[in-house]
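To start, the structure itself, in structure tokens.
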Amino acid sequence: MTRRMSGRALLAVLVALPTLAAVSAAPANAADTPGAAVVSDELVEREIELARLGYRNGVQVTFTRDAESGDWGLREDGQVDRNGPLVDDDKPGMLAAYLSITPASVPVPRELLAEPAPGTPTPPELAGRAIAPSPVVVDDLAVPASGGTARKAAITSCWDLAWDPYHWLELPGYPVPASVHHPMRTYYSADFGGRAMYSHSYLANCSGGTAARHRIYYRKVNGDYVKHHDFFVPSWHWQKVTKGSVHRFRAVLYDGAWGDTRNGKYTG
């Protein structure tokens with residue numbers, strides 16, 4: 001759950017914790033981001049887009065499924081000091097998340113009905129909803145009201161957190177975000193209990209300059225890590241991502257950057 005901190009509380013966190021990105025985020029491509037080097041042998045698994053939702057406050061939400069692994073994806077993109085994530089971090093799955101942020105008038109992607117585990121009760125919010133083939137594309141949606149299965153979106157700052165609790169946390173400098181540099185770092189699910197159903201990552205880019213790179217991986221049976229998320233988050237924008245479906249070893253990688261907020265966790 002996103003929380004605001006006073007300056008005094010924030011400074012306390014910065015001292016106490018070790019150092020453990022409206023425009024949608026841009027896919028990681030050297031042509032899209034000048035000077036950015038994309039590793040040629042590090043291909044990104046193809047995503048099948050299930051739904052693309054645009055909200056009046058500028059938040060963009062995308063639901064996907066990986067073509068090879070079958071992992072589901074939920075990505076939210078927004079702008080620091082303008083809007084905040086729409087999906088609560090305790091949602092039990094992608095279908096539940098979709099139903100919590102869309103009105104009854106918006107169709108549900110047929111493929112998303114296969115996301116809940118067998119035996120999962122049918123969500124009551126699904127009753128009466130139209131089912132449509134992917135992708136479902138809808139713009140100009142009202143921001144979900146608080147209460148029920150969705151919460152009112154907050155307006156994030158550089159120091160807001162997206163996950164509660166979290167497995168890792170790196171905050172920018174206060175009161176000048178770009179005064180703190182975070183080196184490149186990878187967080188492995190193996191360091192937080194082993195295999196996980198889902199990886200969750202939040203990146204806010206408060207550098208005032210370059211884009212911040214956001215990569216997420218899963219490990220295949222043969223031991224190779226496969227990348228299934230790679231985006232450059234523009235300056236003064238944020239991105240919140242959940243990827244997963246079954247228990248796998250997973251990893252989240254952040255490039256070295258100034259003034260970014262990074263936090264996340266593994267669940268399941």
Side-chain angles (χ1 to χ4, degrees), residues 22-29 32 43-78 83 85-89 91-144 148-150 153 197-201 214-218 220 226-233 239-246 248 250 267-268:
V23 180
S24 295
N29 184 298
D32 297 334
L43 300 177
V44 184
E45 183 170 338
R46 183 174 66 89
E47 289 183 323
I48 300 169
E49 189 173 89
L50 306 182
R52 185 169 68 252
L53 310 172
Y55 290 82
R56 293 171 190 167
N57 66 347
V59 174
Q60 298 288 320
V61 182
T62 308
F63 289 83
T64 62
R65 192 172 195 185
D66 292 351
E68 180 182 347
S69 69
D71 271 358
W72 305 92
L74 167 56
R75 189 183 85 236
E76 298 181 75
D77 295 291
N83 47 41
L86 302 180
V87 180
D88 285 342
D89 65 8
K91 279 289 154 285
M94 301 295 176
L95 177 60
Y98 185 92
L99 294 173
S100 76
I101 62 171
T102 55
S105 59
V106 174
V108 177
R110 181 176 295 113
E111 292 84 346
L112 205 55
L113 299 180
E115 182 266 335
T120 302
T122 301
E125 297 84 1
L126 191 59
R129 296 286 293 262
I131 308 300
S134 300
V136 172
V137 180
V138 184
D139 289 315
D140 197 37
L141 288 170
V143 176
T149 56
M197 288 187 66
Y198 293 99
S199 58
H200 309 272
S201 177
H214 195 192
R215 286 178 276 183
I216 303 177
Y217 300 78
Y218 70 91
K220 300 178 72 172
V226 177
K227 182 170 60 180
H228 58 172
H229 181 80
D230 192 348
F231 270 71
F232 282 109
V233 179
Q239 183 178 85
K240 179 183 175 185
V241 178
T242 293
K243 296 285 284 188
S245 63
V246 298
R248 311 181 196 268
R250 302 183 180 276
T267 58

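None of these values were measured; they are calculated from a predicted model.
- By the 4.5 Å heavy-atom criterion applied to side chains, E45 and Y218 are counted as neighbours.
- Across every non-hydrogen atom of S245 and Y198, the tightest pair is N-CE2, 4.0 Å.
- Applying the ring-ring contact (aromatic ring centres under 6.0 Å, His included) test to residues at least two apart or on different chains, the pairs with a partner in residues 92-138 are F63-Y98.
- Under a cut-off of 6.0 angstrom, the local environment of CZ in R129 is crowded, with over 12 non-hydrogen atoms contributed by other residues, nucleotides or ligands.
- Residue pairs satisfying the salt bridge (Lys or Arg N to Asp or Glu O under 4.0 Å) criterion with at least one member in residues 53-72, sequence neighbours excluded, are listed as follows: R56-D140, D66-K243, E68-K220, D71-R248, D71-R250.
- Rounded to the nearest 0.5 angstrom, D139 CG and Q60 CD are separated by 6.5 Å.
- In this structure, a donor-acceptor pair under 3.5 Å is absent between the side chains of H228 and S69.
- For the pair T64/T62, a side-chain contact is recorded, criterion being any heavy-atom separation below 4.5 Å from C-beta on.
- The closest side-chain heavy-atom distance from H200 to T267 is below 4.5 Å.
- At a threshold of 4.0 Å, the pair K91-D89 does not count as salt-bridged, since none of the basic side-chain nitrogens sits closer than that to a carboxylate oxygen.
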| Verdict with reasoning, K240 to R75, per side-chain contact (heavy atoms from CB on, under 4.5 Å) | CA-CA 6 Å; K240 179 183 175 185; R75 189 183 85 236; over 6 Å; no

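- Residue P109 comes nearest to L50 through the heavy atom pair CG-O, 3.5 Å, listed as atom of the first residue, atom of the second, then distance.
- Residues passing the side-chain contact (heavy atoms from CB on, under 4.5 Å) test with I131 are V108, R110, L113, L126, sequence neighbours excluded.
- One N or O on the side chain of E115 and one on the backbone of M94 form a donor-acceptor pair closer than 3.5 Å.
- For the residue pair Q239 / D77, a side-chain donor-acceptor distance below 3.5 Å is found, with atom types taken as modelled.
- The closest side-chain heavy-atom distance from S201 to H214 is below 4.5 Å.
- Across V138 and V106, no two heavy atoms sit closer than the pair CG2-CG1, 3.9 Å.
- At least one side-chain heavy atom of P103 sits less than 4.5 Å from a side-chain heavy atom of L141.
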